[in-house]
Colleague: 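The structure under discussion is supplied below as C-alpha cells; questions concerning it will follow.
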2 protein chains.
Amino acid sequence: MNTLAEENYLKAIYHLTVNDGNAGTNSIASSLNTKASSVTDMLKKLADKALINYIPYQGVSLTASGQKVALGIIRRHRLWEYFLVEKLNFKWDEVHDLAEEMEHISSQQLIDRLDQFMGYPKHDPHGEPIPDCDGYFNHDELKLVSAAAINQTGVISGVCDHSPSFLQYLDKQELKIGSRITVTDIIDYDHSVTLQLNNKKIHISCEVANNILIANE
Amino acid sequence: MNTLAEENYLKAIYHLTVNDGNAGTNSIASSLNTKASSVTDMLKKLADKALINYIPYQGVSLTASGQKVALGIIRRHRLWEYFLVEKLNFKWDEVHDLAEEMEHISSQQLIDRLDQFMGYPKHDPHGEPIPDCDGYFNHDELKLVSAAAINQTGVISGVCDHSPSFLQYLDKQELKIGSRITVTDIIDYDHSVTLQLNNKKIHISCEVANNILIANE
DNA sequence: TGAAATTTTTAGATTAGTCTAAATTATTTA
DNA sequence: TAAATAATTTAGACTAATCTAAAAATTTCA
C-alpha cells in the first residue's frame, strides 16, 4: 500500500490535473503547504511506483493506476463527509478536516459497507459526486451562478470553495444545496448578482457567484 | 498531540500494566513486534513528555496523563468496534485490525457524537467495557470459566483472546456474549470442561475455558 | 535571440522511528 | 557471593519525509 504522504500527493495531483491535465512542481507544493524540493523528491518515488508520469522540468500527470488510487481516496473522503453530516449531525462546514484524516483508512470492505449503510449516496454534503467502488461517477452538467444569464433558474448543486467561512456565509443567507434560485439582476459595474430565493431577494458579490454551481433546468 | 507510534506504545503499556502495575522493555517490545532497543528510545520520549514513569532498568508505568491518553485510545477502539459490528454488520472476529487503524483518529467531537449516535454502548462486541469521555468505566466482576465450580451458572460476558480463530471457534459452538451456560463437569485429567448451553452439551478444552469470562448470577 | 526572471532540481542536513551489534546492569543459581 | 544468564541500554546506521541554499533548466520578453 501507499504511505499517507504518497496518498496526499496523489490526491493533490488529481485535483490539480482534473481540468488541465498537467501539474507543475510549484503548484503541487503550494497546494500541500510544502516546498518544491520536497515535491521533486516525492515525484521520483511516485514515478518509480508507476503512479505518475513524470518528466523532469515538464510537470506530471497521473497514470491509470495513480488515478485509480486517487479516486479511491476521494471516494473515501466524500463518503465519510456524508456520514459525518447525515449520521453524526455535523454541519457541512465542519467536516472537511476530519474527512481528510478518515480518508486514509484504506479497507475496501469498510468503505463498501459504509456506502451500503448510507444507501449509496451519489453526492457529498457539498454536492461533489461520490465515485463508486470502481471509480466511476457522473460528471454533472453544472454552471456557475456567475455565468448564468438574467432570469435563469436553477437548483444549487455544488460549491467550489469548501472553506468554513464561505459555507457559513451561505448558511446565513439560507443558500443551500437543493435551493431553487433565479438570477434576477446582474450589476455591470462589479459583476455582483441578485437572486430570488423563495420570497426573498439576495444580493451576492461576484466572488460568491463564482463559487456556487447550479444545475440547469 | 501524540504521534501514531507514541499512541501504540501507550496503549501497549496500558494493557501490560493494568493488572501488574509495571512493564519491562522486553514485554513491550514483544507486544508491539519491535525490538527492545527501539522501545528504550521511545520510553525516553514518552518520559520526556511526562506520559510514563521511567527508571532505566526498572520498567515503566503510566502517569495520570499517560493513562488518560491510553484510555482515550481504548475508548475510540471499542466504540469503532461496536460501530463496525452493530451498524456495518461486521462479525466480531473481523473488527480488531480495522479498529486498530480507526482508533488513531483523534477528534474528541467525532468520538462523542459517534457514542451518542450508537446510544452510549457500555461494552464492545467482545464484552470489553467502553470508557466514557472522562475515561471512567465499571470494572465488571467476571470469572473465568476455568475457575468456575461444577453446577455454576453464568452469562458469557467477555473473552480474553480476541484472535479470529478463537472467536470463530466460539461462533461454531454457538457460544456468544449473552449466552447462559452451566458448568456440568470438570475433567481432572486435562482440566477440560463440559458446559450446558440451552439443550446442548458442549465440551471445551482447558485453554478455551481459560479465555471465556462469565458474570456470576 | 539572449539576458533576466522564474521554475525546478540537486546537494546536504534534520527528525522520527526503527534496526543490529556491542556494552552495561540486574538477576539467578551453583 | 561470584560467575553465568538474562534484561536493558548505548552506539552507530538506515529509511521516509522534510527543509534550506545553491545550481541548473526553462520561459519570458525587450
Side-chain angles (χ1 to χ4, degrees), chain A residues 1-17 20-62 66 69-70 73 100-101 103-106, chain B residues 1-17 20-62 66 69-70 73 100-101 103-106:
Chain A
M1 253 305 101
N2 306 299
T3 66
L4 194 146
E6 285 169 348
E7 289 200 348
N8 285 332
Y9 274 88
L10 290 172
K11 189 174 52 140
I13 294 166
Y14 176 86
H15 286 306
L16 289 168
T17 57
D20 31 346
N22 206 266
T25 303
N26 271 336
S27 61
I28 297 169
S30 74
S31 89
L32 288 169
N33 289 309
T34 185
K35 297 298 150 88
S37 56
S38 308
V39 174
T40 301
D41 285 349
M42 183 58 90
L43 295 183
K44 289 177 192 164
K45 286 179 207 167
L46 295 174
D48 285 347
K49 289 183 150 195
L51 294 165
I52 59 170
N53 304 116
Y54 170 52
I55 306 167
Y57 295 103
Q58 305 298 304
V60 295
S61 61
L62 293 174
V69 173
I73 301 162
E100 202 92 323
E101 271 193 82
E103 73 192 8
H104 298 292
I105 297 161
S106 56
Chain B
M1 253 305 100
N2 306 299
T3 67
L4 194 145
E6 286 169 346
E7 290 200 346
N8 285 332
Y9 274 88
L10 290 173
K11 190 174 51 137
I13 294 167
Y14 177 86
H15 286 306
L16 289 168
T17 57
D20 33 343
N22 205 266
T25 304
N26 271 335
S27 61
I28 297 168
S30 73
S31 89
L32 289 170
N33 288 310
T34 185
K35 297 298 151 89
S37 56
S38 308
V39 175
T40 301
D41 285 350
M42 183 58 90
L43 294 183
K44 289 177 191 164
K45 287 180 205 165
L46 295 174
D48 286 347
K49 289 183 148 194
L51 294 165
I52 60 171
N53 303 115
Y54 171 52
I55 306 167
Y57 296 101
Q58 306 296 304
V60 295
S61 61
L62 293 174
V69 174
I73 300 163
E100 203 93 323
E101 270 194 84
E103 72 192 8
H104 298 291
I105 297 160
S106 56

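Residue numbering restarts at 1 for every chain, and letters A, B, ... go by the order of the sequence lines.
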Colleague: What is the nucleic acid contact for Ala5(B), judged by heavy atoms within less than 4.0 Å: base, sugar-phosphate only, or nothing?
Modeller: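 Touches sugar-phosphate only.
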Colleague: Are Glu103(B) and Asn8(B) packed together at the side-chain level, in the sense that at least one heavy-atom pair is separated by less than 4.5 angstrom?
Modeller: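 Heavy-atom side-chain distance check passes, below 4.5 Å.
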Colleague: For Leu16(B) versus Ser31(B), what's the shortest heavy-atom pair and its separation?
Modeller: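 Nearest pair, atom of Leu16(B) first, then Ser31(B): CD1-OG, 4.0 Å.
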Colleague: Taking five pairs at each end, how big is the angle between the two axes of the helix from dT1(C)-dA30(D) to dA30(C)-dT1(D), to 10°?
Modeller: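 Computed angle between terminal axes is 10°.
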Colleague: Among the candidates dT18(C), dG17(C), dA17(D), find the nucleotide nearest to the side-chain atoms of Thr3(B).
Modeller: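 Selected nucleotide: dG17(C).
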Colleague: Starting at CD of Glu6(B) and ending at C1' of dT15(C), how long is that distance when rounded to a whole Å?
Modeller: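 That distance rounds to 13 Å.
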Colleague: Send over the distance from Asn33(B) CG to dT18(C) P, rounded to a whole Å.
Modeller: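 The distance from CG of Asn33(B) to P of dT18(C) comes to 11 Å, rounded to the nearest Å.
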Colleague: Is there a side-chain polar atom (N or O) of Tyr9(A) under 4.0 Å from OP1 or OP2 of dA16(D)?
Modeller: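 Indeed not, no polar side-chain atom of Tyr9(A) lies that close.
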Colleague: Between Thr34(A) and dA17(D), is there a contact of a side-chain N or O with OP1 or OP2 at under 4.0 Å?
Modeller: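 Thr34(A) to dA17(D) OP1/OP2: no side-chain N or O under 4.0 Å.
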Colleague: Decide yes or no, distance alone: a donor-acceptor N/O pair under 3.5 angstrom between the base of dT20(C) and the side-chain of Ser37(B).
Modeller: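 Check passes, donor-acceptor contact within cut-off.
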Colleague: Quickly work out the Leu4(A) CG to dT15(D) P distance and round it to whole Å.
Modeller: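 So the CG-P distance, Leu4(A) to dT15(D), works out to 21 Å.
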Colleague: Taking all atoms of both residues into account, what is the closest heavy-atom pair of Ala36(B) and Thr25(B), and its distance?
Modeller: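 Looking at all heavy atoms of both residues, the closest pair is O-CG2, 3.5 Å.
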Colleague: Is any side-chain heavy atom of Leu62(A) less than 4.5 Å from a side-chain heavy atom of Tyr14(A)?
Modeller: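 Of all side-chain heavy-atom pairs linking Tyr14(A) with Leu62(A), at least one is under 4.5 Å.
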Colleague: Do Lys45(A) and Leu51(A) have side chains that get closer than 4.5 Å, going by heavy atoms?
Modeller: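 The answer is no; the side chains never approach within 4.5 Å.
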Colleague: Would you kindly give the NZ-to-P distance between Lys45(A) and dT9(C), to the nearest whole Å?
Modeller: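 Answer to the nearest Å: 15 Å.
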Colleague: Does a side-chain N or O of Asn26(A) approach OP1 or OP2 of dT6(C) to a distance below 4.0 Å, or not?
Modeller: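 Asn26(A) to dT6(C) OP1/OP2: no side-chain N or O under 4.0 Å.
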Colleague: Find out whether Glu7(A) and Lys11(A) are in side-chain contact, i.e. whether some heavy atom of one side chain is under 4.5 Å from a heavy atom of the other.
Modeller: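 A side-chain contact is absent here, since even the closest heavy-atom pair is not under 4.5 Å.
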Colleague: Nearest whole Å is fine: how far is dT28(C) P from Tyr57(B) OH?
Modeller: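 So the OH-P distance, Tyr57(B) to dT28(C), works out to 17 Å.
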Colleague: For a quick check of understanding: with a heavy-atom distance under 4.0 Å over all strands, which category does Thr40(A) fall into, base, sugar-phosphate or nothing?
Modeller: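 Contact class for Thr40(A): base.
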Colleague: Among Val60(B), Asn2(B), Thr34(B), exactly one meets side-chain contact (heavy atoms from CB on, under 4.5 Å) together with Tyr9(B). Which residue is that?
Modeller: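 Checked Val60(B), Asn2(B), Thr34(B) against Tyr9(B); only one passes side-chain contact (heavy atoms from CB on, under 4.5 Å): Thr34(B).
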Colleague: Rounded off to whole Å, could you give me the CD1-to-C1' distance for the Ile55(B) and dT9(D) pair?
Modeller: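 Between C1' of dT9(D) and CD1 of Ile55(B): 15 Å.
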Colleague: Which whole-number value in Å describes the distance from Lys35(B) NZ to dC19(C) P?
Modeller: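 Atom-to-atom, Lys35(B) to dC19(C), this comes out as 6 Å.
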Colleague: Between the base of dT9(D) and the side chain of Thr25(B), is there a donor and acceptor pair under 3.5 angstrom?
Modeller: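 Looking at the base of dT9(D), it does not pair with any donor or acceptor on the side chain of Thr25(B) (distance under 3.5 Å).
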Colleague: Find the distance Asn8(B):CG to dG17(C):C1' and express it as a whole number of Å.
Modeller: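 Roughly 12 Å, once rounded to whole Å.
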